[in-house]
Amino acid sequence: MQICTSHRSDSSTQRSCMMLMVSIVLASFQLVAQIQEPQVQTLREEQTMKYPTFYRTAQIDGLSIFYRESGLKDAPTILLLHGLPSSSRMFEPLFTRLSDRYHLVAPDYPGFGHSDWPEPKQFAYTFDHIAEIMNHFTEALGLSHFTLYMQDYGGPVGFRMILAHPDRVEALIVQDAVAHNTGLGENWKTRRAFWADRAANESELRTNLLSLATTKARHAGNDPNVERHDPDLWTDEFYFLNQPGQAEIQSDLFYDYRTNVDSYPKWQAWMREKQPRLLVIWGKYESSFDPSEPESYRRDVPKAEVHIVDGGHFALDTAADEIAALVQNFVGSSRQGSAARRAG
């Protein structure tokens, strides 16, 4: 087909022909894009809808326990236990990256997030009690075997769950959680004083533990590039800490933290004896705990995988892609090892 039939060679005619040809080419590209765009959009929607996150509640010991769940239930399960003062929300970056491979379940503890917040006079806010409820939660959901992902408070909750039912846990992932006394750094001086004399140190403890500055520091730590950190994360948590009853709830639970220190030798002994599959993830800008802690885990479990990532106490804020890749490789190899041991 001839687009320009004129044989005139003047420049105006040539320019007109070129403009006409460009218009035809652009129109053809637009037509192809219009045909392909619905297909691309459909693919995106299928990917988004295939493994959505569900926001559910379960009645456990008379309490409404909120949890996030995603992935196929017959896929390997990862139970994710959050820290202070966060909730299951902290694991959203992993849900978006791993739900196509794993069954992810992340509950809110009593007194946190969207779970019930009974008054301290009506509910004992201790790590023993929370671990008991979390064990009952796994039973209610039929979670008989899982990889346990523990961050911060998830450590003392998770280790109690392990000692109560060691057969349920296929592997451990520790992200910025402590199981050794040396892991509690200099900023724990005020907190240890609170354990020694609660009445005399409660006011100072609340300032040290629950203030906006501390809430921000848990996320950004000493990261020189604070602009990488979403301030909504710590302002939302600070808002949560200022809700009615929260100061009392968190003070009660943190007073019980002293029992974790007493329990560290039991957790260490279990790790040394059982040599579990262990992945330790640590933010290099962690300011809540001592940087020696990852190597303390390696002394207990010499074959542990230890990775220092580009993040703070809540390393998923800035290192979600790296952590998701570590988890994927670790859980996959853990499942293969478990299958081989069962076959043997």
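In this text the structure is predicted, and so the values were computed from the model without any measurement.
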Got a second to check how far [X]'s [atom1] is from [Y]'s [atom2], nearest 0.5 Å?
| X | Y | atom1 | atom2 | answer |
| --- | --- | --- | --- | --- |
| D176 | H313 | CG | NE2 | 6.0 Å |
| L80 | Y67 | CG | OH | 14.0 Å |
| R206 | T190 | CZ | OG1 | 15.0 Å |
| L148 | I173 | CG | CD1 | 8.5 Å |
| Y51 | L104 | OH | CG | 11.5 Å |

Notebook entry, point to check: Just checking, R191 and W188: is the charged tip under 6.0 Å from the six-membered ring centre and within 45° of the axis?
Noted result: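 Ring-cation test returns yes.
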Checking [X] now: which residues fulfil salt bridge (charged side-chain N to carboxylate O under 4.0 Å, His left out) with it, not counting sequence neighbours?
| X | value |
| --- | --- |
| R258 | none |
| D321 | R97 |
| K274 | none |

What ring-ring contact (aromatic ring centres under 6.0 Å, His included) pairs are there with at least one residue in residues 227-247, not counting sequence neighbours?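 Counting only pairs at least two positions apart or across chains, the ring-ring contact (aromatic ring centres under 6.0 Å, His included) contacts touching residues 227-247 are W117-F240.
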Is it the case that one hydrophobic cluster holds both [X] and [Y], taking links as side-chain heavy atoms less than 4.5 Å apart, direct or via other members?
| X | Y | answer |
| --- | --- | --- |
| V280 | V309 | no |
| F314 | I308 | no |
| V157 | V105 | yes |
| V178 | Y109 | yes |
| Y149 | L79 | no |

Can you tell me how the ring of Y257 sits relative to the ring of Y153, calling it parallel under 30°, perpendicular over 60° and tilted otherwise?
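Tilted, since the angle between the ring planes falls between 30° and 60°.
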query: Do the ring planes of W282 and F289 sit parallel (below 30°), tilted (30 to 60°) or perpendicular (above 60°)?
result: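 W282 vs F289 ring planes: tilted.
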Polar contact flag, side-chain donor to acceptor under 3.5 angstrom, [X]-[Y]:
| X | Y | value |
| --- | --- | --- |
| R168 | S144 | no |
| D300 | H180 | yes |
| D61 | H136 | yes |

Under 6.0 Å between ring centres: does that hold for H82 and F91?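 Aromatic pair excluded; centres sit 6.0 Å or further apart.
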ask   = For the residue pair F146 and H103, is the inter-centroid distance of their aromatic rings smaller than 6.0 Å?
value =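 So the answer is no for these two rings.
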Donor-acceptor pair, side chain of [X] and main chain of [Y], under 3.5 angstrom:
| X | Y | value |
| --- | --- | --- |
| D152 | L84 | yes |
| D197 | A200 | yes |
| S211 | N208 | no |
| D230 | D232 | yes |
| S99 | T96 | no |
| Q250 | P85 | no |

Discussion item. Set out, in order, the CA-CA distance, both residues' side-chain angles and the distance that settles side chain to side chain contact (heavy atoms under 4.5 Å, CB included) for R101 and Q328, then state yes or no.
Written reply: CA-CA 8 Å; R101 298 174 180 86; Q328 180 181 340; 3.0 Å; yes
Margin query: If you apply the rule side chain to side chain contact (heavy atoms under 4.5 Å, CB included), what do you find for L163 with W270, and how did you get there?
Written below: CA-CA 8 Å; L163 293 186; W270 179 85; 3.8 Å; yes
For salt bridge (Lys or Arg N to Asp or Glu O under 4.0 Å), just list the numbers for R68 and E92, CA-CA rounded to whole Å, side-chain angles, deciding distance to a tenth of an Å, and then say yes or no. CA-CA 9 Å; R68 287 168 164 83; E92 285 183 347; 3.3 Å; yes
Notebook entry, point to check: Can you check salt bridge (Lys or Arg N to Asp or Glu O under 4.0 Å) on R299 and E295, steps first, answer last?
Noted result: CA-CA 6 Å; R299 282 194 293 272; E295 289 305 315; 6.0 Å; no
task: Carefully, step by step, assess E305 and L278 under the rule side chain to side chain contact (heavy atoms under 4.5 Å, CB included).
output: CA-CA 6 Å; E305 295 183 32; L278 174 62; over 6 Å; no
Please find the pair of heavy atoms, one from [X] and one from [Y], that lie closest to each other, and give the distance.
| X | Y | value |
| --- | --- | --- |
| M134 | D108 | CE-O, 4.2 Å |
| A179 | F159 | CB-CE1, 4.0 Å |
| N201 | A193 | ND2-O, 3.2 Å |
| S70 | F95 | CB-CD2, 3.7 Å |
| L141 | A58 | CD1-CB, 4.3 Å |
| L279 | L326 | CD2-O, 4.0 Å |

Mind checking whether [X] and [Y] have side chains closer than 4.5 Å, heavy atoms only?
| X | Y | answer |
| --- | --- | --- |
| L63 | Q59 | no |
| D256 | H129 | no |
| T77 | Y102 | no |
| F194 | R198 | yes |

Exercise. Tracing side-chain links under 4.5 Å among I, L, V, M, F, W and Y, which residues wind up in one group with F66?
Worked result: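 Taking Ile, Leu, Val, Met, Phe, Trp and Tyr as members, F66 shares its hydrophobic cluster with Y55.
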Worksheet item: Any Lys/Arg nitrogen of D236 or R89 sitting under 4.0 Å from an Asp/Glu carboxylate oxygen of the other?
Response: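 Salt bridge between D236 and R89, a charged N being under 4.0 Å from a carboxylate O: yes.
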Let me see the working for D252 and K121 under salt bridge (Lys or Arg N to Asp or Glu O under 4.0 Å), right down to the final yes or no. CA-CA 10 Å; D252 273 9; K121 293 180 180 179; over 6 Å; no
>> If you count heavy atoms of other groups shown closer than 6.0 angstrom to CD of E202, is the number above 12?
In response: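 For E202, atom CD is crowded (more than 12 foreign heavy atoms under 6.0 Å).
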*Should we say atom CD of E227 is surrounded by more than 12 heavy atoms from elsewhere, each under 6.0 Å from it?*
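It does not: E227 CD has 12 such atoms or fewer within range.
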For the pair T57 and I65, evaluate side chain to side chain contact (heavy atoms under 4.5 Å, CB included) and give the outcome as yes or no after the intermediate values.
CA-CA 5 Å; T57 58; I65 299 299; over 6 Å; no
- Residue pairs involving residues 284-293 (criterion salt bridge (charged side-chain N to carboxylate O under 4.0 Å, His left out); sequence neighbours excluded):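 The answer is K284-D310.
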### Task
Report the C-alpha separation of N260 and R160 in whole Å, then their side-chain angles, then the decisive distance to 0.1 Å, and conclude whether the side chain to side chain donor-acceptor pair (under 3.5 Å) test is met.
CA-CA 10 Å; N260 299 332; R160 283 171 167 82; 2.7 Å; yes
Problem set entry | Trace of the side chain to side chain donor-acceptor pair (under 3.5 Å) decision for H219 with E237 | CA-CA 11 Å; H219 285 271; E237 290 174 359; 2.9 Å; yes
inquiry  = For a side chain to side chain donor-acceptor pair (under 3.5 Å) check, start with the C-alpha distance between S287 and R218, then their side-chain angles and the critical distance, and finish with the verdict.
reply    = CA-CA 7 Å; S287 62; R218 273 187 284 259; over 6 Å; no
